[in-house]
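See below for the structure under consideration.
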Amino acid sequence: MAKIAQVIVDVPTMQTNRPYSYLVPSELADAVHPGMRVSVPFGKGGREVGGMVIGVDEQAQTLPTFSGKLKPLTALLDLASVLNPELLELSDWLATHTFAFRISTIQTMLPAALKTKSHKLLVADQSIADAHLAGLFTNGQLDFTAAKLAPNEVDQLAKLQQSGIVHADYAVENRAKVKTVTWVQSQLTTDQIVDVRPTIRANATKQQQLLDVLTTCQTPQPLAKLTENSALARADFSAAAKRGWVTLTERESYRDPYAQKDIAATRAMTLHADQAAAVAAITGAIESATPQPFLLEGVTGSGKTEVYLQSIAAALAQGKTALMLVPEIALTPQMVNRVRGRFGKQVAVLHSGLSAGEKYDEWRRIERHEAAVVVGARSAAFAPLDNIGLIVMDEEHETSYKQDDNPRYHARDVLLWRAKYHHAPVVLGSATPSLESRARAERGVYQSLLLPERINQQPLPPVTVIDMREQLKAHTESNFSTALLDALKLRLERGEQSVLMLNRRGFSSFVMCRDCGFVLKCPNCDVSLVLHMDTHTMKCHYCGHEETIPKICPNCHSRRISYYGSGTEKVAAELTTLLPDVRIIRMDADTTRRKGAYEKLLTDFGEHKADILLGTQMIAKGLDYPDVTLVGVLNADTALGLPDFRASERTFQLLTQVSGRAGRADKPGEVFIQTFNPDHYAIQLAQKQDYERFFRVEMKMRHLGNYPPYYYTALITASAQDENVAARRMFELAEQLKAQLSDTTVILGPTPRSIARINNRYYYQIVLKYKQEPHLQTVLAKVLDDAQKEQRQGLQVAIDMEPQSFI
DNA sequence: TGGTAACAGGCT
DNA sequence: GCCTGTTACCAC
């Protein structure tokens, strides 16, 4: 009675997006379980692909869709399930709701190290006459997938295969590498060592030293530790092992990214009344296992983190685990240390700064129940925690919680799903909640928890709005108003620090000819190339195209071609001319690309190695330095001009957030906001830090425009190399949707996307706004299914539910 | 008619 | 995504 495994194969296409049945070989019958990775033969060529077992049936049953002979699966890649039943179920739910392939959702749940890769290997059966081709093979094998072959080489190899000189072999690579460490166990007791000593020569110093070490270390020790603390080398221990003095064993170890640092333990702080009330409400829900979502609204400095920490402690006290999500950018050492300081080794941290190996190790610690608290960015929403008692999402309004490529999921939705599954409360925290969440709190779907006061009763820093139009009238092209410049000088005199934020969106350096107005553009995309002074090149931020900076205008051959705009580089340059001795740390996508660079820059700033921290949005969150008394926003309104209904919300959130960075300790702070729209409500209300008012005003705007939270949205994008193909298909689709969807649903478009061409593909989009559309799931699934057939003609269709950006 | 290139169908 | 069998087209 053979078992049958239901397998999702690692072939991300519409047609293969369903389980396939495989025979389980009898020797694996007891070993195969749902949630394990396997290697299976797929297709006629006998190629091997990776797959995930999602179910095991006891008995062969007649399958309604397939009547052929089942193939046996080739290999089992795991000894224990890497996805538990909860996560398997979640992957299914996520796939249907985000219109993603099941295998893609499964892959995003696993650490990268567990992603299988299938390789095609060419094996030489006879000697190859051509010397060049023969040279490609090592030991009669060539990894066709990994090798970078020229088209003519591929062609010639195919001919060799046809004539039977080589044949193809397939293998599925399992990249999960467990790090091991050698441990030393003394085989001699202290008494025996005394006996052994006279038997070795007196001048065998290394052996004598080794015996000294063994005398003091009778318990097993890591080899690395012993070689570090003595003059002995690995070879001395291997020699000792040969003599039978010690045994060497390999033990599994974790790559602990925080191992070296000692983190000071922190104790629970005394809560003020509002905090205590919030903790009590959350703790109540944990104890009664109620999946109640809470919206914790508190201004910067009102002590939200302490509420999280004490609620997590309550979950742990119940013998449960806790999951805490923070935006990637807020995962600073400061934040991580705070959680680690409270919960110590029980904490696992997941973020993009870790190497694949480190991530895998943290993941395994969670999976093996060695970590009960998980802190991480978006993808940590899938942490393999069992028995979750509490889920926290800090800065719930952050757009980075939505993944902008497939699967296009929002971590908040994932958390709410998991909370239901585990009967655990969810705490969504923010100083400036998203309108969607706040509206849900209004309707009682989320329970509202308020922290209206700052700890220490500290007043919020005064915010000055500077009208940059005045500056423009004075005919200066400077990025700095006189007021802001004076404030900066004052900090320099006092030895205090400043933070300057540049709203990067749509605001980078480009090259333009002053004679003919020519702007250097990307040959593949409809965007201007961006100047990068660090590499001295012009780069395209969409396709990666790179070229040298022109000295002569390619259009009119004038030499008057120069730089425009205001990237952080240019601002830094201007700052150095205005304030010659100033020390600046620049923080943007370019300076933080390298692993650990982000942490290093922040540490340097914290250690007062610079006077000014100049950066993009990434500096708005989570920084807390006592000597920062000035925060300046150079261009508050660049985002306001964007054709996106969330522009005001984003601007308000950003300004409110960055203002909170000034004067958090005993020194009072000051905030300057430079803008060309000083009368805009988002800026005026951010100045007053009045979220409540902003919420009311913005809700009115959304109501007028039929936008979220009054309507749901979906974005359908089609792209093709031929602009006409994309456009024509989208016009057809719009007609189709009009016929199938209800009258209350608004169909906007199709329109070309604001960047109509990226990487030589043309993009068209349709936006759906709907209130109630019971068949939407089916209709959109069919849209994708139909599009599959046209993919060969180069058409790609994508669906994004509740997109965070419409441009 | 043979040889190749482009295409459509199917994968358990 | 990749493999294969089929078809279309051209040179002979």
Side-chain angles (χ1 to χ4, degrees), chain A residues 1-26 28-29 32 34 36-77 95 100-107 115-123 142-147 149 151-152 154-164 166-173 405-407 720-722 725 784-798:
Chain A
M1 231 187 274
K3 283 187 180 174
I4 307 291
Q6 303 300 330
V7 176
I8 302 286
V9 291
D10 185 8
V11 179
T13 61
M14 209 65 203
Q15 291 176 83
T16 54
N17 188 30
R18 59 193 166 83
Y20 285 82
S21 304
Y22 284 89
L23 286 172
V24 178
S26 54
L28 292 176
V32 173
M36 288 181 176
R37 295 170 305 141
V38 287
S39 164
V40 295
F42 196 69
K44 288 183 185 172
R47 126 183 122 107
E48 285 288 318
V49 300
M52 172 63 70
V53 178
I54 58 155
V56 179
D57 298 326
E58 280 303 318
Q59 174 60 40
Q61 53 211 45
T62 36
L63 300 165
T65 51
F66 184 71
S67 54
K69 196 165 174 285
L70 295 185
K71 291 180 184 174
L73 58 87
T74 316
L76 197 54
L77 303 183
F101 304 124
R102 182 81 186 273
I103 194 66
S104 317
T105 60
I106 287 171
Q107 306 266 37
K115 245 175 227 165
T116 55
K117 218 180 157 193
S118 76
H119 282 255
K120 177 180 177 175
L121 306 167
L122 289 183
V123 184
L142 167 65
D143 190 330
F144 189 82
T145 312
L149 299 167
N152 69 316
V154 173
D155 204 52
Q156 288 170 304
L157 287 168
K159 287 198 174 105
L160 287 183
Q161 196 182 341
Q162 272 167 22
S163 50
V166 304
H167 76 269
D169 208 349
Y170 298 86
V172 171
E173 182 195 8
D405 46 43
N406 280 324
Q721 299 229 327
D722 182 348
V725 172
L784 278 188
D785 204 32
D786 294 345
Q788 169 76 17
K789 286 158 199 144
E790 289 155 276
Q791 214 169 33
R792 283 234 160 65
Q793 283 99 60
L795 188 87
Q796 275 173 19
V797 176

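Every chain is numbered from 1, with letters handed out A, B, ... down the list of sequences.
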* Could you pull out all residues at least two apart from A:F144 that satisfy ring-ring contact (aromatic ring centres under 6.0 Å, His included)? => none

Review item, nucleotides 3-5 of chain C N/O atoms under 3.5 Å of protein N/O:
| from | atom 1 | to | atom 2 | distance (Å) |
| --- | --- | --- | --- | --- |
| C:dC3 | OP1 | A:K120 | NZ | 3.3 |
| C:dC3 | OP1 | A:Y170 | OH | 3.2 |

* Could you pull out all residues at least two apart from A:H119 that satisfy side-chain hydrogen bond (donor to acceptor under 3.5 Å, both in side chains)? => A:D143, A:E173

* Structure fact -> Taken in chain and number order and not counting sequence neighbours, the residues that satisfy side-chain hydrogen bond (donor to acceptor under 3.5 Å, both in side chains) with A:T74 are A:E48

* **Protein-nucleotide distance (A:N17, atom CG; C:dG1, atom P), rounded to Å** => 13 Å

Which pairs, protein N/O on one side and nucleotides 8-11 of chain C N/O on the other, fall under 3.5 Å?
none

* To do: Report the distance from atom CD of A:E790 to atom P of B:dC7, rounded to the nearest whole Å.
  => 15 Å

* Structure fact -> A:F101 CZ to C:dG1 P, in whole Å, measures 8 Å

* In whole angstrom, give the distance that lies between atom CD of A:E48 and atom C1' of B:dC11. => 13 Å

* To do: Please identify each residue that fulfils side-chain contact (heavy atoms from CB on, under 4.5 Å) with A:N17, with sequence neighbours left out.
  => A:F101, A:R102

* Looking only at atom types and distance, does a side-chain atom of A:S39 sit under 3.5 Å from a main-chain N or O of A:V172, one as donor and one as acceptor? -> no

* Structure fact -> Smallest heavy-atom separation, A:A29 atom then A:K3 atom, equals O-NZ, 3.0 Å

* Asked: Quick one: side-chain hydrogen bond (donor to acceptor under 3.5 Å, both in side chains) partners of A:S26, sequence neighbours excluded?
  -> none

* Asked: Which residues pass the salt bridge (Lys or Arg N to Asp or Glu O under 4.0 Å) test with A:K159, sequence neighbours left out?
  -> A:D155

* Structure fact -> With sequence neighbours left out, the residues meeting ring-ring contact (aromatic ring centres under 6.0 Å, His included) with A:Y22 are none

* Which residues satisfy the side-chain hydrogen bond (donor to acceptor under 3.5 Å, both in side chains) test with A:S118, sequence neighbours excluded? -> none

* To do: Name the nucleic acid region contacted by A:F42, choosing base, sugar-phosphate or nothing; use a 4.0 angstrom heavy-atom cut-off, strictly under.
  => base

* Kindly write out the residues that satisfy side-chain contact (heavy atoms from CB on, under 4.5 Å) with A:A171, not counting sequence neighbours, or none if the list is empty. => A:L121

* Between C:dC2 atom P and A:D10 atom CG, what is the distance in whole Å? -> 10 Å

* To do: Give the rounded distance in Å between these two atoms: CD of A:Q788 and P of B:dA8.
  => 13 Å

* **Whole-Å gap separating C1' (B:dC11) and CD1 (A:I103)** => 15 Å

* Which letter, B, S or -, goes with each nucleotide of nucleotides 1-6 of chain B from 5' to 3', with contact meaning a protein heavy atom under 4.0 Å? -> ------

* Asked: Which whole-number value in Å describes the distance from A:M14 CE to B:dA8 P?
  -> 19 Å

